[in-house]
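Each remark here refers to the structure printed beneath this line.
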Number of protein chains: 2
Amino acid sequence: MTRKQIPDIVVGRLPMYLRSLQRMKQDGRQITSSQELGERLGISAAQIRKDLSQFGEFGKQGTGYSIPYLIDQIQLILHVDHDWDIAVVGAGDIGSAIARYKGFNNRGFRVKLIFDADENKIGQQIGEYVVQDSHHMVEAIQQAGIKVAMITTPAAQAQGVADQLIKAGIRGILNYAPISINIPAGVYIQYIDPSIHLQRMTYYLE
Amino acid sequence: MTRKQIPDIVVGRLPMYLRSLQRMKQDGRQITSSQELGERLGISAAQIRKDLSQFGEFGKQGTGYSIPYLIDQIQLILHVDHDWDIAVVGAGDIGSAIARYKGFNNRGFRVKLIFDADENKIGQQIGEYVVQDSHHMVEAIQQAGIKVAMITTPAAQAQGVADQLIKAGIRGILNYAPISINIPAGVYIQYIDPSIHLQRMTYYLE
DNA sequence: TAGATTGTTAATCGATTAACAATC
DNA sequence: TAGATTGTTAATCGATTAACAATC
C-alpha cells in the first residue's frame, strides 16, 4: 500500500503555509484560521482547508487551527521535523552566500559540505566551512550519507555535476545554474533562476 | 482595447522556453521543434505549441521554429529586448552575490544601484558598485527611473522596504526575504526562498 | 445558546492533451 | 511526392471555488 497520491501543486503550497505559521508563532500567536492564513498568502480560505484536509483533520470548528500543532504536523508531512544535511557544489559568489546563509535555521536544512573544482578555492574557508575538492565529491557525499544538494556552478558544468551527485546517492537537487537538467525517476529537482522570475514580471510592464 | 488576456501560467513558461532557445543558439543550432524543446524541458510538445500560438504564429509546418527568430519574438513578448535597470536593497551575502552575478547578461537585466541601511556597509565597494544609503533610496530610484528591484534584507525589514520601493515607482519586486509581502494592484512580486524549494522535495524523500 | 469556522461535496472553472487538417 | 511539423479544435483531465452541514 502506497501513500495516498497528493497533487504536487498542493505539496508546493505546504511550505508557504509552514513559513507563514512559523512567523505567526514568532509573533506570539496561538490560533489562526484558514481565512487569516489565506489573506496573508493571497490564497482562498477554501483552498487552504482543502489542501490541509488531504493530510488529515488539523482544525477545530468554530475555533480554527492551533498554530504550534499545525506547524508540527506540516513539518512531519514535509519531513522537516529534523534537519537535512546539504552539499553545495560550487564555491563562487552564490555558493559562498549560501554557505553563510542563516535562513535555513528552523527550516529543516543545514549546509554540511561545500565543493569546488578550482585549486585556488579548495582549502579556503567560507563561513564555518572549508572548501573541499569536488573530485572527491562522490565519496565524501556517500560517506556523509547526504541526500540533498545545491548546484551553484556555471551552466556548462551543471549536468555533469548532477550526474555525479546522483551517483553519490543525492535524491533532491536545488539548481542555481541557468540550465535545464535531466534526472532519472526517483530524483527530484527544483530551479532557482532570478532572470526567469524577473522576466515573468516584465511581461506585465511596459 | 486591451492586450489579449493570457493565462499567467503560460507567461511563466515563456522564460524557460527562452532560456533553452538561447542555449541552443549558443550551441550553434538554427532550427528546433516543439518536440525537441519539450523533451529538454520536460513539457509536452502540444503544450509548447499551444502556449506559443497565444502570441502568434512563429513556426513553419514540416520544419519547426527558427531559433534566432523565436528568441527575438519571445524577448519582445517578455519585454526583455532591452535591459531593465535593477535596484538591489540589502548588501549582505545575497545582495553582494547578486551584485557580482554575471548571469543577467543577455537575460534583459543589469544591476544599477545597491542599497543598505548599515553605516558600515554604506560606501563599501561590491563588484563594480558602491553601496548607497538606503535612507535616500526613494529619491535615487525615482531619479534613475528604475522600475524593478530585488529585496535581500532580513524578513523583518522586507515589508517596509517594499512599501518604500513602491513609493519610488518600482513595479516589479523579486523578494529573497522569507516572508510574504503585501503589494497594491499594478505591482508584481516574485519570491525566491531556497527552503521553500527544498521542502517541496523532502516531502518525497524519507 | 449564538457565532464562528472547519471539513467536504458538488459545481465551476481552467489547463492539458490528443488528434488532425493544413502545409512547408 | 512523401515526410514532418505546425496551429487549432474538441475532449479530457485536474484544480479551484462556493456552499453548507457539522460542531466547537
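In what follows, every heavy atom counts, from backbone to side chain, and hydrogens, waters and symmetry copies are set aside. Chain A is the first sequence line, chain B the second, and so forth, proteins listed ahead of strands; every chain is numbered from 1. Everything numeric in this text was worked out from a predicted model, so none of it was measured.
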How does each nucleotide of nucleotides 17-24 of chain D score, in 5' to 3' order, for protein heavy atoms under 4.0 Å: base (B), sugar-phosphate only (S), or none (-)? BBB--BBB
Show me, pair by pair, the donor-acceptor contacts under 3.5 angstrom made by side chains of residues 89-104 of chain A, not counting sequence neighbours?
unit_1	atom_1	unit_2	atom_2	d
S96(A)	OG	A91(A)	O	3.4
S96(A)	OG	G92(A)	O	2.7
K102(A)	NZ	R100(A)	O	3.3

Taking distance alone, no hydrogens or angles, what donor-acceptor pairs closer than 3.5 Å link side-chain atoms of residues 172-184 of chain A to residues at least two apart or in another chain?
unit_1	atom_1	unit_2	atom_2	d
N175(A)	OD1	A177(A)	N	2.9
N175(A)	ND2	A177(A)	O	3.0
N175(A)	ND2	I179(A)	O	3.1

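D51(A) places its CG atom 10 Å from the P atom of dA15(D), with the value rounded to the nearest Å. Look at CG on D8(B): it is 16 Å from C1' on dT16(D), rounded to the nearest Å.
Pairs of residues two or more places apart, or lying in two chains, that qualify as salt bridge (Lys or Arg N to Asp or Glu O under 4.0 Å) and include a residue from residues 183-203 of chain B are D8(A)-R200(B), R19(A)-D193(B), R107(A)-D193(B). For residues 21-34 of chain A, the set of pairs meeting the salt bridge (Lys or Arg N to Asp or Glu O under 4.0 Å) definition, not counting sequence neighbours, comprises R29(A)-E36(A).
With sequence neighbours left out, Q164(B) forms a side chain to side chain contact (heavy atoms under 4.5 Å, CB included) with M137(B), V138(B). Every side chain to side chain contact (heavy atoms under 4.5 Å, CB included) that D85(B) has, sequence neighbours left out, goes to R110(B), K112(B), I146(B). For D118(A), the side chain to side chain contact (heavy atoms under 4.5 Å, CB included) test picks out D116(A), N120(A), K121(A), with sequence neighbours left out. The side chain to side chain contact (heavy atoms under 4.5 Å, CB included) test applied to R171(B) returns L205(A), E206(A), K147(B), Y188(B), not counting sequence neighbours.
OP1 and OP2 of dA4(D) both lie 4.0 Å or more from every side-chain N or O belonging to Y65(B).
Annotated stems with DNA chain C as a participant read C:3-24 with D:3-24, given as range with range, by first number; only runs of 3 or more Watson-Crick or G-U pairs under 3.5 Å qualify.
Remark: R13(A) in residues 11-27 of chain A come within less than 4.0 Å of DNA chain D through at least one heavy atom.
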Polar atom pairs between nucleotides 11-14 of chain D and protein, under 3.5 Å, N or O only, would you list them?
none

